[in-house]
A.B. asks: 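Okay, handing you the structure first.
Heads up: numbering here begins at 1 and tracks the sequence.
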Amino acid sequence: MSEAPLFSTPSGLIRGRRDGSVVRATGIPYARAERFEKPQPVADRPEGDVLDAVDPAPASPQAPTELIDALGDQTGGLPIDEHCQHLSITLPSDRADDAELLPVMVWVHGGGYTSGAGDLPVYDPAVLVTEQNVVVVTVTYRLGVLGYLGDGADRPANLGLLDQLAAFEWVQRNISAFGGDPGRVTAFGQSAGADAVLHLMAIDRARGLFSRAIVQSAPLATMGARTKLAATMSTASARLTRDTPEGDLMTVQAKALGAARGFGRFSLMPFAPQPGFDPLPPEDEIADRWFERAAGIPLLIGVTAEETRLFLPRVPALERLRAVPRLHALASTALDTAMNAFVYGRPARRLARAYRRAGGTVLRYVFRWRANEMYRASHAIEVPFVFGTETIGTHLAPYAGARPDDLAEVGRRIRALWGGFAHGRLGEMASVPGVLDLYGQRGGPSAQPVMADPPARYGDSMTVPDTQWREIAASPFVSLGTYRRNGARVAVPVWIARDGDELVVTSERATGKVKRLRNDPRVTLQPCSRMGKVEPDAIRVEAQARIAGPATDDTRADAALKRKYGLQYRAILGFEALVRRVQRKPGDRVILRISRGA
């Protein structure tokens, strides 16, 4: 390969550049479109006409983000141009011209459909390409009022989605010239980019354009019909025309965003694809399209453990509580837990189960690594690790306190998973202790129950591997197995809290579980909701229960549970104290202590 590599593609000759261990061809136009027009293919260049692909793709016009301290510069110094339909390709520099074609990974960036760009420094795929021997394509598309505000009449809807579709069509036609295998294309994206991947999976025209999908932190609760919201936003931005100066676009966009308040879950991401408009089917057919194609598109889908921690510092009510640290911590945890489950976690689990039932191969993950207590495992924290740009993270708030060698190690492990998925090595994929829990076809980070044979004496600790310990620790409640209630088999939730490096699990005193466990002390711990609901793919830890007798109190356990559950647990203790005085017997309770292993 020459110093200035030349690629002969069906679209014409493209000249790239060598950059250390990779070769880049950047800023390649994959479509063209005037304002409010659907993208059209770029005409093939005449023979002998060479495109010098050495400049980055421009970013779509966008307003400054409030999250710059957490996510970095949203445009990365890129030029701004509403004619932004460009993509960039990165491939290993040591690949021989006659070598086997490599898997292709096509990145759709996030940013709530209002910010970001494919060629941001944080998305530089050089390390991912070199370590995992893949070809990576990064795509830039129209955002905000230019890409996702359409009424279907004067302004077509879904122009940004149509841009993405055009990019995948360009890749399918041309990528083999860059050493990429058009039959092994993985679509991957984060946040709005993950939402885009799921919408692409529902488009008939996208059939065959990619054969695998990675969905990172998709805000699934925001998907659905948004006709009223779109109409309201269109009315608020009626002054926007084909002739509106580019400098006025963000003023109009701000008015549209202001009009989007009050539309419930859709207001969380006002700009988004609209079902029922080209190229999407109606809302009630989107899931059917996913499941029709499930057998042909393996899916890796997941979330970070505390997605909404990224946004909590921007919640005024929470910031006013900072003067009372304990109350601020409790309120932050409660809000994060509720929003994370509603917007990200619970919908992802449901989709994974349904996809599996439809015959699809699906792996689900939870990214748990964190550097500090403020941001923890927040939204987008995994992105630099995927690309190999984790050194950028040392300057951003979510990574404050992390050591460079820890960042590097986490990155290597995560890229091995993403690259392994693109190569089709699903059988080799496994959880990364303390970083990422991977749930396989049979559920659980190890896909198997964890067997433990603890001593039977009360007060001793049983030990489980670190990944299982973390999964149980993150649960609001756990079950101790299922029981019959009114003829139905249900899981009964019990309390769980962290006590230093141990977990304490306990029931209330004088419960029916105590009687049942006297004859058979074996229990199956599973994370569950307050109402006892256990997800089908929830982790299972086999244990042996201990019973704390009437004269046995565990002050440390009660203190840990008070810290976690607050007034709720204190009320239970008060009620039990009243029962003791009335019945003159304290009753028994089930209690376990769990420490973490390697």
A.B. asks: Applying side chain to side chain contact (heavy atoms under 4.5 Å, CB included), can you list everything that pairs with Leu327, at least two apart in sequence or on another chain?
C.D. replies: Leu321, Val324
A.B. asks: Would His379 and Phe311 satisfy ring pair (Phe, Tyr, Trp, His ring centres under 6.0 Å), going step by step from the backbone distance to the final call?
C.D. replies: CA-CA 8 Å; His379 192 67; Phe311 312 106; 5.6 Å; yes
A.B. asks: First locate atom CD1 of Ile301, then atom OH of Tyr439, and finally report the distance between them rounded to the nearest 0.5 Å.
C.D. replies: 14.0 Å
A.B. asks: Run the numbers on Phe271 and Leu229 for side chain to side chain contact (heavy atoms under 4.5 Å, CB included), then give the verdict.
C.D. replies: CA-CA 9 Å; Phe271 291 104; Leu229 171 61; over 6 Å; no
A.B. asks: Side-chain contact, heavy-atom cut-off 4.5 Å: Arg376 with Arg368?
C.D. replies: no
A.B. asks: Which of parallel (below 30°), tilted (30 to 60°) and perpendicular (above 60°) describes Tyr113 and Tyr148?
C.D. replies: tilted
A.B. asks: Are Arg35 and Leu249 packed together at the side-chain level, in the sense that at least one heavy-atom pair is separated by less than 4.5 angstrom?
C.D. replies: yes
A.B. asks: Check step by step if ring pair (Phe, Tyr, Trp, His ring centres under 6.0 Å) holds for Trp290 and Tyr355.
C.D. replies: CA-CA 8 Å; Trp290 290 341; Tyr355 203 83; 8.2 Å; no
A.B. asks: Kindly give the heavy-atom pair with the smallest separation between Ala380 and Tyr399, and that separation in Å.
C.D. replies: O-OH, 3.8 Å
A.B. asks: Just verifying a value: how many Å separate Ile297 CD1 and Ser211 OG, rounded to the nearest 0.5 Å?
C.D. replies: 8.0 Å
A.B. asks: Are Thr241 and Thr244 close enough, and set up right, to give a side chain to side chain contact (heavy atoms under 4.5 Å, CB included), and what steps lead you there?
C.D. replies: CA-CA 5 Å; Thr241 69; Thr244 300; 3.3 Å; yes
A.B. asks: Between Leu300 and Tyr365, is any pair of side-chain heavy atoms under 4.5 Å apart?
C.D. replies: yes
A.B. asks: Drop me the distance from Arg45's CZ to Ser11's OG, to the nearest 0.5 angstrom.
C.D. replies: 6.5 Å
A.B. asks: For a 4.5 angstrom cut-off between non-hydrogen side-chain atoms, does Ser217 reach Glu382?
C.D. replies: yes
A.B. asks: Sequence neighbours left out, what passes side chain to side chain donor-acceptor pair (under 3.5 Å) with Asp81? Give chain and number order.
C.D. replies: none
A.B. asks: For residues 50-59, which residue pairs pass the side-chain hydrogen bond (donor to acceptor under 3.5 Å, both in side chains) check, not counting sequence neighbours?
C.D. replies: Arg15-Asp52
A.B. asks: Evaluate the criterion side-chain hydrogen bond (donor to acceptor under 3.5 Å, both in side chains) for residue pair Trp418 and Gln216; output intermediate values, then yes/no.
C.D. replies: CA-CA 11 Å; Trp418 264 237; Gln216 303 170 219; 2.9 Å; yes
A.B. asks: Go through it in stages, so that I can follow the logic: the residues are Thr333 and Arg309, the test is side-chain hydrogen bond (donor to acceptor under 3.5 Å, both in side chains), and I'd like the CA-CA distance, side-chain angles, deciding distance and then a yes or no.
C.D. replies: CA-CA 9 Å; Thr333 298; Arg309 287 276 175 178; 3.1 Å; yes
A.B. asks: For Met233 and Lys255, what are the C-alpha separation, side-chain angles and deciding distance, and is it a side chain to side chain contact (heavy atoms under 4.5 Å, CB included)?
C.D. replies: CA-CA 8 Å; Met233 293 175 68; Lys255 291 184 177 180; over 6 Å; no
A.B. asks: Set out, in order, the CA-CA distance, both residues' side-chain angles and the distance that settles side chain to side chain contact (heavy atoms under 4.5 Å, CB included) for Val366 and Arg364, then state yes or no.
C.D. replies: CA-CA 7 Å; Val366 178; Arg364 183 175 67 84; 4.0 Å; yes
A.B. asks: Is there a side-chain contact between Cys84 and Ser60 in this structure, where contact means two heavy atoms from C-beta onward sitting under 4.5 Å apart?
C.D. replies: yes
A.B. asks: Tell me every residue that passes side chain to side chain donor-acceptor pair (under 3.5 Å) with Arg349, counting only those two or more places apart in sequence or in another chain.
C.D. replies: none
A.B. asks: Quick one: does Asp248's side chain have a donor or acceptor within less than 3.5 Å of a partner on Leu240's backbone?
C.D. replies: no
A.B. asks: Starting at CG of Leu102, measure out to CG of Leu91 and round the result to the nearest 0.5 Å.
C.D. replies: 8.0 Å
A.B. asks: Identify the two heavy atoms, one from Ala25 and one from Ile14, that lie closest to each other, and give their separation to 0.1 Å.
C.D. replies: CB-CG2, 4.4 Å
A.B. asks: When rounded to the nearest 0.5 angstrom, what distance separates CG in Leu407 from CD1 in Ile392?
C.D. replies: 11.5 Å
A.B. asks: Taking all non-hydrogen atoms of both residues, which atom of Ala194 and which atom of Val215 are closest, and how far apart?
C.D. replies: CB-CG1, 3.6 Å
A.B. asks: Sequence neighbours left out, what pairs pass ring pair (Phe, Tyr, Trp, His ring centres under 6.0 Å) with at least one residue falling in residues 208-231?
C.D. replies: Phe168-Phe210
A.B. asks: Assess whether side-chain hydrogen bond (donor to acceptor under 3.5 Å, both in side chains) is satisfied between Ser378 and Glu307, documenting all intermediate values.
C.D. replies: CA-CA 4 Å; Ser378 58; Glu307 297 274 3; over 6 Å; no
A.B. asks: Between Pro121 and Thr389, what is the shortest heavy-atom contact and its length?
C.D. replies: O-CG2, 3.5 Å
A.B. asks: Looking at Thr26, Asp124, Asp119, which hits side-chain hydrogen bond (donor to acceptor under 3.5 Å, both in side chains) with Ser88?
C.D. replies: Asp119
A.B. asks: Would you say Leu146 and Pro61 make side-chain contact, with heavy atoms under 4.5 Å?
C.D. replies: yes
A.B. asks: Kindly indicate whether the side chain of Gln253, heavy atoms from C-beta on, has any atom under 4.5 Å from the side chain of Met250.
C.D. replies: yes
A.B. asks: According to the salt bridge (Lys or Arg N to Asp or Glu O under 4.0 Å) rule, which pairs have a member within residues 221-236, sequence neighbours left out?
C.D. replies: none
A.B. asks: Evaluate Tyr30 against Asp163 for side-chain hydrogen bond (donor to acceptor under 3.5 Å, both in side chains), listing each step before the verdict.
C.D. replies: CA-CA 9 Å; Tyr30 61 81; Asp163 287 350; 4.6 Å; no
A.B. asks: Side-chain contact test, heavy atoms from C-beta onward, threshold under 4.5 Å: evaluate it for Thr227 versus Gln274 and give yes or no.
C.D. replies: no
